[in-house]
Protein chains: 2
Amino acid sequence: MAQDPISLRDVLIEAGIALLEEGGMQALTLRQTAARAGVSHAAPAHHFDGLPGLLTAMAAHAFKLFADAIHSGREAGGTDPLQRLLGTTEGYLTFASQHAGLFHLMFISPQVNRADPVLGPHATRAYQILREACQPFGDGTPDETLELAVWSMVHGYAMLGFTADDPQRRPFHRRPTFAELLAELLAGRQIPVINPLAPASDTR
Amino acid sequence: MAQDPISLRDVLIEAGIALLEEGGMQALTLRQTAARAGVSHAAPAHHFDGLPGLLTAMAAHAFKLFADAIHSGREAGGTDPLQRLLGTTEGYLTFASQHAGLFHLMFISPQVNRADPVLGPHATRAYQILREACQPFGDGTPDETLELAVWSMVHGYAMLGFTADDPQRRPFHRRPTFAELLAELLAGRQIPVINPLAPASDTR
DNA sequence: CGGAATTGCTTGACAGTGTCAAGTAGCTGT
DNA sequence: ACAGCTACTTGACACTGTCAAGCAATTCCG
């Protein structure tokens, strides 16, 4: 074959994502996925180990998109450490709200086999981005307490955003933004200067 | 014995909880619940509006248990404001780990009808307990930023505890405790004294 | 070059699920 | 006594995931 034709495996993953984003986890079934991909209902069994296998492969794909999202969020934050961390968390939250189904797959669905090694690399990459964004606020070495504090807070903020989508039931007069929460968390820390070693030079 | 005031409705809720705690959300089906309650497979339809109705009723029950759990956690914290807040969050986390299925029902399951008014009272009561535990760390009035920061952090900590149950994949050398995370969050705050004689005349 | 094995998918079946329609036993109110 | 109502049962239907068998095309290899 001259060119590698798109494998049914990838088509199925795309079809599954489409179903997930259209109708949530309820709509994501093996048979519907196969139908959308234009194959028979048992075809997916030859590429994935049942429904959990398909969901796990989709979760792996989702982790890659997720790591890309928080990476570009960090890059959008420029060079200022606080803006970089904020951009990272904004990427986190934007992905969670724009791809709620994939987020659910990545962090919640009990059908995903979390021991599968295909999940590891991109999940680790995503965490490394968060870790590096936290680094300037520590004493130079990785501060696991700060990392987990930021991670827990942004993750919880995203999850609570899903749950309390009924405005009337929200206990807040005005829901604080995550930036305010992060400022609260970092209030006890020294905010690092932008370029501590070099002589004062403006940002371009 | 002679009088049998236990309604089938309550029996079904208990049966559902038993199934949920034994086999997770996968095992919680209408028909299994009916079978465990000793009735026919269509009996639940006369007490709940389908499976979502049963799950919503179970979630309401769960919110009551949850509010009780964080209430006793707060009481166990004694009178010191920090210990009270810590006890509250510990109650939160203990409930989440010991009743993972109910926690999933309360905050995650898309089948639960979150607009149902039966969810409101106990969910509100739970949040009020958290709010009051945060109050001493504010300037006297409810500080919604601090409340949401604490809530997001404890919620995210609980959720991440579910996800990353594979020790090998955890990015931490030693997973920081939630008390350490809370200390990090409160590091920018004045820790209130235990028995303030003039509560409102604190430093400003 | 030609059978044989493998791959990729289809077809068909089965048990299990939620939901609906119809039926029934038992109690209640008049 | 009788009608009506409540609480459930029975049966059916469409849909689900999974498995076994089959089949056509490709690849292997002797």
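Residue numbers begin at 1 in each chain, while the letters A, B, ... track the order of the sequences. This one's a predicted model, so the numbers in the text were calculated from it and none came from an experiment.
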Between atom [atom1] in [X] and atom [atom2] in [N], what is the gap in whole Å?
X	N	atom1	atom2	result
His47(B)	dA7(D)	NE2	C1'	6 Å
Phe48(A)	dC9(C)	CZ	P	11 Å
Gln26(A)	dA14(D)	CD	P	20 Å
Leu54(A)	dT18(D)	CG	C1'	14 Å
Gln32(B)	dT17(C)	CD	C1'	10 Å
Leu28(B)	dT17(C)	CG	P	11 Å
Gln111(B)	dT17(C)	CD	P	14 Å

- Task: Measure from the side-chain heavy atoms of Leu30(A) and tell me the nearest of dT9(D), dT11(C), dG17(D).
- Result: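 Ranking dT9(D), dT11(C), dG17(D) by closest atom to the Leu30(A) side chain puts dG17(D) first.
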- Message: Quick check for you: among dC8(D), dT10(D), dG12(C), whose closest atom lies nearest to any side-chain atom of Ala43(B)?
- Response: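 When the side chain of Ala43(B) is considered, dC8(D) is the closest of dC8(D), dT10(D), dG12(C).
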- Query: Which residue, Leu51(B) or His46(B), contacts DNA chain C at a nucleotide closer to its 5' end, judged by nearest heavy atom?
  - Reply: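 This one resolves to Leu51(B).
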- Message: Any N or O donor-acceptor pair under 3.5 Å from the base of dG18(C) to the side chain of Arg31(B)?
- Response: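 Indeed, a donor on one side and an acceptor on the other fall under 3.5 Å apart.
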- Message: Is it the case that the base of dG12(C) and the side chain of His41(A) share a donor-acceptor contact (distance under 3.5 Å, atom types as modelled)?
- Response: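 Present.
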- Task: Answer with base, sugar-phosphate or nothing: what part of the nucleic acid does Pro52(B) contact at a heavy-atom distance below 4.0 Å?
- Result: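 Sugar-phosphate: the residue Pro52(B), judged by heavy atoms under 4.0 Å, touches backbone atoms but no base.
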- Taking NZ, NE, NH1 and NH2 as the nitrogens, is one of them in Glu22(B) or Arg36(B) under 4.0 Å from a carboxylate oxygen of the other?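 Judged by the 4.0 Å cut-off on N to carboxylate O distance, Glu22(B) and Arg36(B) do form a salt bridge.
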- Has Asp49(A) got more than 12 heavy atoms of other residues, nucleotides or ligands less than 6.0 Å from its CG?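 No, CG of Asp49(A) has 12 or fewer neighbouring heavy atoms, counting only those of other groups under 6.0 Å.
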- Looking only at atom types and distance, does a side-chain atom of Glu180(A) sit under 3.5 Å from a main-chain N or O of Thr177(A), one as donor and one as acceptor?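 Yes: the side chain of Glu180(A) pairs with the backbone of Thr177(A).
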- Query: Would you call Phe66(A) and Leu102(A) a side-chain contact if the rule is heavy atoms closer than 4.5 Å?
  - Reply: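 A side-chain contact under 4.5 Å is absent here.
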- Task: Check whether any side-chain heavy atom of Leu85(A) sits under 4.5 Å from a side-chain heavy atom of Cys134(A), and report yes or no.
- Result: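 Contact flag for Leu85(A)/Cys134(A) side chains = yes.
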- Message: Looking at Thr29(A), I'd like to know whether one of its side-chain N or O atoms comes within less than 4.0 Å of OP1 or OP2 on dT16(D).
- Response: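 For dT16(D), OP1 or OP2 has a side-chain N or O of Thr29(A) closer than 4.0 Å.
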